[in-house]
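Positions are given from 1, in the same order as the sequence printed here.
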Amino acid sequence: MTTIHILPDWHENEQAMPQGNDSIHQAQLFQSQGCDVNLLLVDYLTRLRSMFHTKNLDHVTYWSLYDDIQEVGLTDTRVVALQDFSWPETVYFVEMPDQIVAMQDDKLFAKIQLDGDNLGQIVAIIFYENDYQKTCLDIDDRGFVSRTTYFVNGEKTAVDYLTPSGEVAMHVSLPDQVVTTKETWFGAKKFANTTVLFQAILKQKISKISDEAPLIVTQTDVINQFLLENDIQHDIIYSAQERRETSKMTLPQCVKAVVTDNVSTTMVNQHYIPTFATILSEGKSQETANLDYYWVADQTIAQQLAVVSQFITILRDNEHARVIVDTPVALSQAVTNLIETSDQSTDIDDELLDNNGLSDELKMAGNQPATIKTVAERFIINIAPTEEKQQRAIEKVRVLVDLNTQPNAYLQTLALSALIPQINAVKTPFVLANQNGFIIDDVNELSAKIQFYQRNINDWAFAKNEAFKHSENYYDTVLWSKWQRVFDQVKPLGE
């Protein structure tokens with residue numbers, strides 16, 4: 001069968017695969033249907049092999065722009081240990097949960113950063129001088145120092161990208177961003193910046209893809225600009241996600257179809273295909289003593305305050321109830337403060353909120369002893385959880401609550417897979433009102449709707465049955481058939 005090529009854009013994720021990403025889930029879907037998948041990667045990813053393993057993409061092939069520049073032909077992973085580096089005899093090491101600190105004469109000498117998923121793997125070593133960063137070594141999971149970043153008085157001055165043997169393959173001076181390469185690229189060894197070099201390499205790579213092979217490209221500002229500025233001859237399928245707000249972009253001529261997860265968007269040659277497939281895995285909430293509710297806390301402070309107040313009512317009504325709080329890093333402290341202060345009283349004056357979030361008065365209240373501490377303790381905060389952690393949590397909850405204006409489609413798909421009811425504030429394709437959940441207009445309805453499922457097992461069972469019927473619309477075989485129609489329009493798959 002013809003290989004399906006996918007060009008993601010992960011440049012904003014700092015060497016990490018983004019959560020809820022369309023490229024990753026497309027690769028998983030196509031792989032599950034027996035297709036050969038090849039990712040075209042233009043991002044710097046030193047832990048790519050372990051990331052692939054986490055996402056069940058071990059059999060997906062890839063081309064890496066950085067591997068080409070750095071002349072990397074290695075494929076197997078290899079753990080790098082402290083003993084692989086030379087250390088002064090006077091240095092001693094202090095082990096911490098997520099890193100190792102190297103000290104010399106009671107001064108900070110280096111920080112050895114460990115992989116959060118595999119604490120035996122060193123991912124970076126930062127050396128210090130007079131408490132300022134001096135150099136940072138990024139370690140590739142194939143067992144070599146891949147990048148060295150240099151600092152002067154804490155300011156980044158240059159970056160070297162290295163070959164596995166330690167030669168400088170690409171030097172980037174800062175702040176002018178001028179690039180000097182070891183090898184000659186397109187008749188030159190010096191470029192105005194990385195963008196000029198990277199676009200030329202990517203354009204060359206795309207030109208070598210078979211005309212018969214489908215190419216799916218993530219629709220972002222960066223990639224859209226690349227396609228507009230370069231004469232790309234290959235027919236492209238754009239992948240647009242609602243959260244990226246790409247509907248106002250000018251489509252390059254090479255884009256022949258747009259696949260989107262936004263059911264309401266209207267564009268030429270648009271195809272609605274959900275990003276995530278349901279995988280039936282009946283929830284286990286009835287096997288636990290607790291009544292867990294999953295709340296996606298990604299709203300304004302004022303909205304969160306109203307939701308917390310509703311949950312406090314539920315927790316005080318049932319000592320077995322708990323709330324799993326899914327919150328981004330930026331809001332985690334505010335959510336924690338709200339829970340601690342709201343625990344003291346369900347009647348919090350709205351005047352305690354200012355335009356910037358919590359006022360000083362409310363923050364001070366959060367430092368006072370809680371009247372009913374057990375209520376606050378039953379809010380379990382998950383800060384920026386991975387998809388894998390979200391999946392494990394959803395399997396054991398009774399209801400998913402997502403009152404955001406743009407609900408989390410991945411969590412909603414997980415809820416369908418686990419056959420649990422959902423409560424939203426807006427309509428989405430994943431929740432059929434009064435069937436597998438509720439659409440509420442007023443947050444003050446929340447506690448009553450949750451208690452509707454909590455107090456009557458028959459109502460909860462009805463929603464569960466409706467979720468089962470609705471989940472069939474999102475099976476991988478259904479999504480695959482939709483993709484086949486897109487390929488038939490643009491690039492029919494060969495046998």
I need the minimum non-hydrogen distance between Asp141 and Ser50, along with the two atoms involved.
OD2-N, 3.4 Å

For Asp298, give me all partners under salt bridge (charged side-chain N to carboxylate O under 4.0 Å, His left out), at least two apart in sequence or on another chain.
none

Do Asp221 and Gln225 have a side chain donor and acceptor closer than 3.5 Å?
no

Checking Asn436 against His470: is there a side-chain donor and acceptor pair closer than 3.5 Å?
no

The test is side-chain hydrogen bond (donor to acceptor under 3.5 Å, both in side chains); show your working for Asp326 and Tyr294 and say whether it passes.
CA-CA 7 Å; Asp326 185 324; Tyr294 199 103; 2.6 Å; yes

Can any side-chain N or O of Ser481 pair as donor or acceptor with the backbone N or O of Val478 at less than 3.5 Å?
yes

Could you walk me through whether Asp402 and Asn404 pass side-chain hydrogen bond (donor to acceptor under 3.5 Å, both in side chains), step by step?
CA-CA 6 Å; Asp402 191 341; Asn404 297 304; 2.6 Å; yes

Is it true that a side-chain atom of Asp84 and a backbone atom of Ala81 form a donor plus acceptor pair closer than 3.5 Å?
yes

Would you please indicate yes or no on a ring centroid separation below 6.0 angstrom for Tyr410 and His25?
yes

Could you tell me which residues satisfy ring pair (Phe, Tyr, Trp, His ring centres under 6.0 Å) with Phe452, sequence neighbours excluded, listed by chain and number?
Phe438

Where Ile24 and Pro18 come nearest, the two heavy atoms and their spacing
CD1-O, 3.6 Å

Which pairs would a plain distance check flag for residues 419-427, meaning a side-chain donor or acceptor within less than 3.5 Å of a matching protein atom at least two apart in sequence or in another chain?
from	atom 1	to	atom 2	distance (Å)
Gln422	OE1	Gln412	NE2	3.3
Gln422	NE2	Gln412	O	3.2
Asn424	OD1	Gln412	NE2	3.4

Does Leu479 offer a backbone N or O that forms a donor-acceptor pair with the side chain of Gln484 under 3.5 Å?
no

Assess the side chains of Thr61 and Asn38: does a donor N or O sit below 3.5 Å from an acceptor N or O?
yes

